[in-house]
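Because only heavy atoms are used, hydrogens play no part in the values below, and waters and symmetry mates are left out as well, while side chains stay in. Chain letters run A, B, ... following the sequence lines, proteins first, then strands; residues in each count from 1.
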Number of protein chains: 2
Amino acid sequence: MTHEIDDIEAQLRAKGVQVTRQRLAIVNVLRLAGDHPTADEILSRAKLEDESISQATVYRTLAALEKVGAVLKNDFDGAGARFELADRAHHDHLIDLDTGEVIEFHSELIESLQAQIAAELGYEIEWHRLELYARKRPGG
Amino acid sequence: MTHEIDDIEAQLRAKGVQVTRQRLAIVNVLRLAGDHPTADEILSRAKLEDESISQATVYRTLAALEKVGAVLKNDFDGAGARFELADRAHHDHLIDLDTGEVIEFHSELIESLQAQIAAELGYEIEWHRLELYARKRPGG
DNA sequence: CTGGATGCAAAATTTTTGCAAAGAA
DNA sequence: TTCTTTGCAAAAATTTTGCATCCAG
């Protein structure tokens with residue numbers, strides 16, 4: 001437990017991010033999140049760990065972490081942005097239109113096709129976003 | 001010219017959308033747009049055609065048209081949503097990170113791979129979004 | 001110490017809404 | 001006529017910012 005937090009600290013420092021009590025709380029929220037919380041949800045959850053944390057800090061921290069590639073910002077429902085830690089391998093998202101559940105998946109084949117298409121257009125992909133909005137199949 | 005507008009009117013009515021002067025102006029803006037304008041840009045452009053049109057009407061019209069599938073809402077830069085007419089064949093977007101230019105493309109192969117992945121997860125895709133954020137290749 | 005981070009509250013952005021008047025079918 | 005749409009302005013919702021203070025390194 002304490003070990004994990006040490007790891008987080010080390011990883012943040014390695015990315016040139018100054019480590020603070022608030023930032024640890026926020027990263028920890030993302031670590032433990034099974035979902036993709038909004039800034040507001042992150043704030044509430046972080047407050048459980050550190051009452052004094054403010055909304056501004058949540059936004060500023062998320063922006064800072066996104067800049068160094070430690071956090072990914074998504075916008076599934078058009079409402080508020082949703083965040084996740086960028087600590088695992090790259091993946092795309094399938095959003096269940098009925099439940100809002102977000103399922104992660106990865107296809108190396110699709111990735112390479114994307115690169116190929118970009119190349120044909122004379123481009124090199126910096127990053128991409130693939131979201132499938134879907135419903136459970138009747139006989140699923 | 002007038003013919004095209006007649007067509008638009010007919011298409012809107014066919015989708016069960018009541019046709020008004022303001023809605024025609026908005027759809028016309030989208031028709032003539034070579035880019036993917038924001039709500040605000042649509043408002044300015046529509047005002048050139050119809051001074052009295054209001055912001056609220058732009059948002060309400062875009063929402064109404066999106067609901068019947070006549071308009072697509074995108075969110076490329078995380079700032080404001082960007083809209084386009086859904087009158088052409090389905091396509092995805094490649095966004096030039098340096099210029100902001102948006103290039104449309106389509107890959108039947110990627111589409112079918114997406115469907116296959118969804119199926120494996122027990123889902124059926126309702127719609128999807130694929131965006132490639134890229135830069136022109138050095139030797140491009 | 002010193003520059004970056006934080007909290008607070010105010011501001012900025014983008015989008016939505018209530019309501020009375022106007023318009024489409 | 002009847003139900004929907006519109007304009008206006010106010011309200012919501014989300015994100016950003018100024019500034020004095022605090023804290024990590």
Review point. To the nearest 0.5 Å, how far apart are CD in B:Glu101 and CG in B:Asp35?
Key: 11.0 Å
[atom1] of [X] versus [atom2] of [N]: gap in Å, rounded?
X	N	atom1	atom2	value
A:Phe83	D:dT14	CZ	C1'	10 Å
A:Gln22	D:dC22	CD	P	13 Å
B:Leu12	D:dT4	CG	P	17 Å
A:Glu51	C:dT6	CD	P	16 Å
B:Lys15	D:dT4	NZ	C1'	20 Å
B:Leu24	D:dT5	CG	P	14 Å
B:Arg60	C:dG23	CZ	C1'	14 Å
B:Asp50	C:dG23	CG	C1'	13 Å

**Study point:** Sequence neighbours excluded, every pair satisfying salt bridge (Lys or Arg N to Asp or Glu O under 4.0 Å) that has a member inside residues 114-128 of chain B
**Key:** A:Arg135-B:Glu126
Looking only at side-chain N and O atoms, does [X] come under 4.0 Å of OP1 or OP2 in [N]?
X	N	result
B:Ser52	D:dT6	no
B:Arg13	C:dA25	yes
B:Ser54	D:dT6	no
A:Tyr59	D:dT15	yes
A:Gln55	C:dA9	no
B:Thr20	C:dG23	no
B:Gln18	D:dT6	no

Review point. Is there a donor-acceptor contact under 3.5 Å linking the side chains of A:Glu108 and A:His106?
Key: yes
Report which part of the nucleic acid [X] touches: base, sugar-phosphate, or nothing (heavy-atom distance under 4.0 Å, all strands).
X	value
A:Ala81	sugar-phosphate
A:Arg23	sugar-phosphate
A:Thr38	nothing

Review point. Which pair of non-hydrogen atoms, one from B:Gly100 and one from B:Ile95, has the smallest distance, and what is that distance?
Key: O-CG2, 4.4 Å
Review point. Of all heavy-atom pairs between A:Ala46 and A:Ile26, which one has the smallest distance, and what is that distance?
Key: CB-CG1, 4.5 Å
Check your understanding: Can you check whether B:Thr61's main-chain N or O pairs, donor with acceptor, with B:Arg23's side chain at less than 3.5 Å?
Key -> no
Check your understanding: Which angle, to the nearest 10 degrees, lies between the helix axes at the two ends of the helix from C:dC1-D:dG25 to C:dA25-D:dT1, each defined by five pairs?
Key -> 50°
Exercise for review: Between A:Thr61 and B:Lys73, just flag the one whose closest nucleotide in DNA chain C comes earlier from the 5' side.
Suggested key: A:Thr61
Check your understanding: For A:His93, which of A:Glu84, A:Arg129, A:Arg82 qualifies under side-chain hydrogen bond (donor to acceptor under 3.5 Å, both in side chains)?
Key -> A:Glu84
